[in-house]
Amino acid sequence: MKIKQWWNTHKPSKRRLIQLYAALLFNANLKGFQTGRIYQGPLKNICTPGLNCYSCPGASGACPMGALQNALSDSGKTVPYYVVGIILLYGLLFGRWICGFLCPFGLIQDLLHKIKTPKVGKGRITRVLSYFKYVILVFFAIIFPLVYAGYEFPLPGFCKYVCPAGTLEGAVGLLSNPENQSMLGMLGPLFTWKFLLMVIFLVGAVFIYRFFCRFFCPLGAIYGLFNKISFVGVKLDKEACVDCGLCVGKCKMDIRHVGDHECIQCGECIEVCPTNAIRWKGPKILLPPQAIGGEIETKQPELAVKQEKAKKRTRIARMVAWVLALALLGGVLYYYNFVDGRDAGRPSEDTTEAGTPEEGETGEPLPPRGHEVGNLCSSLELALYTGGETFSVDANRGRVTVINFWGTWCGPCIAELPHFNDVAEAYRDSVTVVAVHSNYKGNTAAEWIQKNYPETGILFAQDPDDGANGAYYTALGGVGDFPMTIIVNKDGVITCTCRGSITHDELVAAVEDALAQ
């Protein structure tokens, strides 16, 4: 009996169940949390409705805000039309119902606000502050990417400087995995700022309802513009309304009236309306049954029968919808965790090439191929940016090979390229330096190289197209921590792996060590 009473008191609402369902659906790549890898398969091109970071290990889709900023940065392409179209479609269909029911970061804030502490209520100040998210939208999510679109380094301002979902789901999600310990050396002042900001938002959500959503979220600012015309949401029958104000008083958001741009369409106002003037619009099977609206009371037998049949049809439709939703969730979970294995992670240990052991210059057998120090380096056939030539690690036996994975978009990569240029000049008779550009922004790398390194001893190459970072980067153990340097001795055996930046002295020491072997 006590268990039943506890359950009746604490059982989750239908809205909470939908929030949990959506969070799991949009983060269906559960194996990513175990492996510390980001899913980068074909379905990652699809934008999920809510704020859910692309770099979260579990993320099964892209974040619409991140996609919008990247699209604006890539000026001259047709991608912005797709991203803008998707956001407009979500807005027209659901408006801020997405905030109330489908946004994973909104769920996190809802759960944090349940912690029993003194709460800060809404008022004139919070209502004024609620417009600040439009400032974030205009400056950080639109102007910054557009201004920097013509530069070498794009600037997704909101993702880079503000977004707490990116820090919590992406950065913390990856850094907490032991497989990604090498990334810790890449952290700097920007991560400190983002982490501090994330803590402020999360702590703020404990005391202020949906602290981030109300004052800072640019995605909610966009969706709020569609609340009045969205297909799903709440609507107010003005003729039935008696202006009692119970709905506005019940709402924790900074609304002036039901369904305005601040309303997250949670439906709590429906329960307190004394005249049933507030109802849901859209298919009822998508909505909590207790909040559909008041039933029509009648003593007419014929109308009562019709009403009972309509209720039965609604219950059946709702049951079918839940069955289909669970089937969809099961299919998505199975696909991401057991079928599609394309992600940006280290190859497993059993991927080393089998066969007859190869022999070194002394005739002794060489170790098996792999990506760890002491392994024979995986066979790499790289296309150089100059003259259509190619480079092969195996064909470079007899010389030390320095392989640097970099990108024009990576500040630390650019900063350390002079070190590799110095080594290429100082050891030109015994060392080959190859700088392998990632796939991201790879189409603009040739122009950058010609401008900044017109004459150099470095061989600049393009990583083959297999995921965002490149096939060879992945084959040699890369998991997103650019730059990365691999040094191979004269026999083709890996002697050093450096994930993150490397100093000039460290690079020279590693080269000297490889030459001595």
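Side chains are part of it too, since the values below use all heavy atoms of this structure and drop only hydrogens, waters and symmetry mates.
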Colleague: If I take atom CD1 from residue I87 and atom SG from residue C47, how far apart are they, to the nearest 0.5 angstrom?
Modeller: 6.5 Å
Colleague: Mark yes or no for whether Y336, through its side chain, and Y39, through its backbone, hold a donor-acceptor pair below 3.5 Å.
Modeller: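 No.
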Colleague: Assess whether a salt bridge exists between K252 and E268, defined as any Lys/Arg side-chain N lying under 4.0 Å from an Asp/Glu carboxylate O.
Modeller: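 A salt bridge is present here (some side-chain N lies under 4.0 Å from a carboxylate O).
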Colleague: Can you tell if the side chain of I18 reaches within under 4.5 Å of the side chain of L102, non-hydrogen atoms only?
Modeller: yes
Colleague: Within the side chain of N52, is there an N or O that forms a donor-acceptor pair under 3.5 Å with the backbone of P104?
Modeller: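 No, the answer is negative, given that no donor and acceptor are paired below the 3.5 Å cut-off.
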Colleague: Answer whether the closest heavy-atom distance between the side chains of V135 and F140 falls below 4.5 Å.
Modeller: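 Side-chain contact under 4.5 Å: no.
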Colleague: Could you report the tightest heavy-atom contact between K194 and T167, atom names first, then the distance?
Modeller: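 Distance-wise, the nearest heavy atoms are CE-OG1, 3.2 Å.
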Colleague: Can you see whether Y54 has K44 sitting over its ring - NZ or CZ less than 6.0 Å from the centre and within 45° of the normal?
Modeller: yes
Colleague: Compare all side-chain heavy atoms of N70 with those of V83 and state whether any distance is below 4.5 angstrom.
Modeller: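 SC-SC contact between N70 and V83 ruled out.
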Colleague: Taking all non-hydrogen atoms of both residues, which atom of P64 and which atom of P49 are closest, and how far apart?
Modeller: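 Where P64 meets P49 most closely, the heavy atoms are CG-O, 3.7 Å.
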Colleague: What I'd like to find out is whether the side chain of L112 reaches to under 4.5 Å of the side chain of F201, using heavy atoms alone.
Modeller: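 Answer no - side chains too far apart.
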Colleague: Using distance only, find each side-chain donor-acceptor pair of residues 228-244 under 3.5 Å and give its atom names and separation, not counting sequence neighbours.
Modeller:
residue: S230; atom: OG; partner: N227; partner atom: O; Å: 3.3
residue: S230; atom: OG; partner: V232; partner atom: O; Å: 3.0
residue: D237; atom: OD1; partner: E239; partner atom: N; Å: 3.2

Colleague: Carefully, step by step, assess L43 and V332 under the rule side chain to side chain contact (heavy atoms under 4.5 Å, CB included).
Modeller: CA-CA 11 Å; L43 296 184; V332 169; over 6 Å; no
Colleague: Hey, what do you get for CG (L92) to CG (L225), rounding to the nearest 0.5 Å?
Modeller: 11.0 Å
Colleague: Under 4.5 Å between any side-chain heavy atoms of K14 and F101, yes or no?
Modeller: no
Colleague: Within a strict 4.5 Å, meaning less than it, do heavy atoms of the Y161 and L197 side chains meet?
Modeller: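 Side chain of Y161 against side chain of L197, heavy atoms only: no contact under 4.5 Å found.
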Colleague: Applying side chain to side chain contact (heavy atoms under 4.5 Å, CB included) to Y90 and Y223, what does each step give before you reach the verdict?
Modeller: CA-CA 8 Å; Y90 286 148; Y223 288 151; 3.6 Å; yes
Colleague: H437 vs W406 aromatic rings, parallel, tilted or perpendicular, using cut-offs 30° and 60°?
Modeller: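 The arrangement is perpendicular - the two ring planes meet at more than 60°.
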Colleague: Could you pull out all residues at least two apart from N45 that satisfy side chain to side chain contact (heavy atoms under 4.5 Å, CB included)?
Modeller: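 If we apply the side chain to side chain contact (heavy atoms under 4.5 Å, CB included) test to N45, skipping adjacent residues, there are no hits.
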Colleague: Roughly how far apart are D463 CG and F405 CZ, rounded to 0.5 Å?
Modeller: 6.0 Å
Colleague: For a quick test of reading the model, state the closest non-hydrogen atom pair linking L51 to C63 and the distance between them.
Modeller: CD1-SG, 3.8 Å
Colleague: Please determine whether ring-ring contact (aromatic ring centres under 6.0 Å, His included) holds for the pair Y473 and F482, giving the CA-CA distance in whole Å, both sets of side-chain angles, and the decisive distance to 0.1 Å.
Modeller: CA-CA 10 Å; Y473 171 82; F482 279 83; 4.3 Å; yes
Colleague: Run the side chain to side chain contact (heavy atoms under 4.5 Å, CB included) test against I143 and tell me which residues pass, sequence neighbours left out.
Modeller: V138, F139, V147
Colleague: Would you check if Y134 and H261 make a side-chain contact, meaning some heavy-atom pair closer than 4.5 Å?
Modeller: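 Heavy-atom side-chain distance check passes, below 4.5 Å.
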Colleague: Give me the ring orientation class for F144 and Y148: parallel if the planes are under 30° apart, tilted from 30 to 60°, perpendicular past 60°.
Modeller: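 Rings of F144 and Y148: perpendicular, as their planes differ by over 60°.
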Colleague: Identify the heavy atoms of P156 and P145 that sit nearest to each other, and give their distance.
Modeller: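 Minimum heavy-atom separation between P156 and P145: CA-CG, 4.3 Å.
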Colleague: Can you list the residues that meet the side chain to side chain contact (heavy atoms under 4.5 Å, CB included) rule with T503, with sequence neighbours excluded?
Modeller: D505, E506
Colleague: Are any of the side-chain heavy atoms of C247 and C273 separated by less than 4.5 Å?
Modeller: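 No. Closest side-chain heavy atoms not under 4.5 Å.
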Colleague: Report, one line per pair, each donor and acceptor closer than 3.5 Å where one atom sits in a side chain of residues 205-222; sequence neighbours left out.
Modeller:
residue: Y209; atom: OH; partner: D110; partner atom: OD1; Å: 3.3
residue: R210; atom: NE; partner: D110; partner atom: OD1; Å: 3.0
residue: R210; atom: NH1; partner: C99; partner atom: O; Å: 2.7
residue: R210; atom: NH2; partner: C99; partner atom: O; Å: 3.1
residue: R210; atom: NH2; partner: D110; partner atom: OD2; Å: 2.9
residue: R214; atom: NE; partner: D254; partner atom: OD2; Å: 2.9
residue: R214; atom: NH1; partner: Y209; partner atom: O; Å: 3.0
residue: R214; atom: NH2; partner: D254; partner atom: OD1; Å: 3.2
residue: R214; atom: NH2; partner: D254; partner atom: OD2; Å: 3.0

Colleague: Answer yes or no: are there more than 12 heavy-atom neighbours, outside F195 itself, under 6.0 Å from its atom CZ?
Modeller: no
Colleague: Out of curiosity, L24 CG to Q19 CD, how far, rounded to the nearest 0.5 Å?
Modeller: 13.5 Å
Colleague: List the residues meeting side-chain hydrogen bond (donor to acceptor under 3.5 Å, both in side chains) with K133, not counting sequence neighbours, and say none if there are none.
Modeller: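 Applying side-chain hydrogen bond (donor to acceptor under 3.5 Å, both in side chains) to K133 gives E262.
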Colleague: How far does CZ of R256 sit from SG of C263, to the nearest 0.5 angstrom?
Modeller: 14.5 Å
Colleague: Identify the residue among I255, V248, I278, L246 that makes a side chain to side chain contact (heavy atoms under 4.5 Å, CB included) with C269.
Modeller: I278
Colleague: Grab the two heavy atoms, one from Q69 and one from C159, that are nearest each other, plus how far apart they are.
Modeller: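 Where Q69 meets C159 most closely, the heavy atoms are NE2-SG, 3.1 Å.
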Colleague: Between atom CG of L72 and atom CG of L155, what is the distance when rounded to the nearest 0.5 Å?
Modeller: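 L72 CG to L155 CG: 12.0 Å, rounded to 0.5 Å.
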Colleague: Under the 3.5 angstrom rule, does the side chain of N177 hit a backbone N or O of F33 as a donor-acceptor pair?
Modeller: yes
Colleague: Examine distances only and state if a side-chain atom of S60 and a backbone atom of L25 form a donor-acceptor pair shorter than 3.5 Å.
Modeller: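 Answer holds: yes.
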Colleague: Got a donor-acceptor contact below 3.5 angstrom from the K119 side chain to the H113 backbone?
Modeller: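 Answer holds: yes.
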Colleague: Looking at every non-hydrogen atom in both residues, tell me the closest pair between A445 and T408 and how far apart they are.
Modeller: CA-CG2, 4.2 Å
Colleague: Report the C-alpha separation of R16 and L111 in whole Å, then their side-chain angles, then the decisive distance to 0.1 Å, and conclude whether the side chain to side chain contact (heavy atoms under 4.5 Å, CB included) test is met.
Modeller: CA-CA 10 Å; R16 187 73 72 237; L111 296 177; 4.1 Å; yes
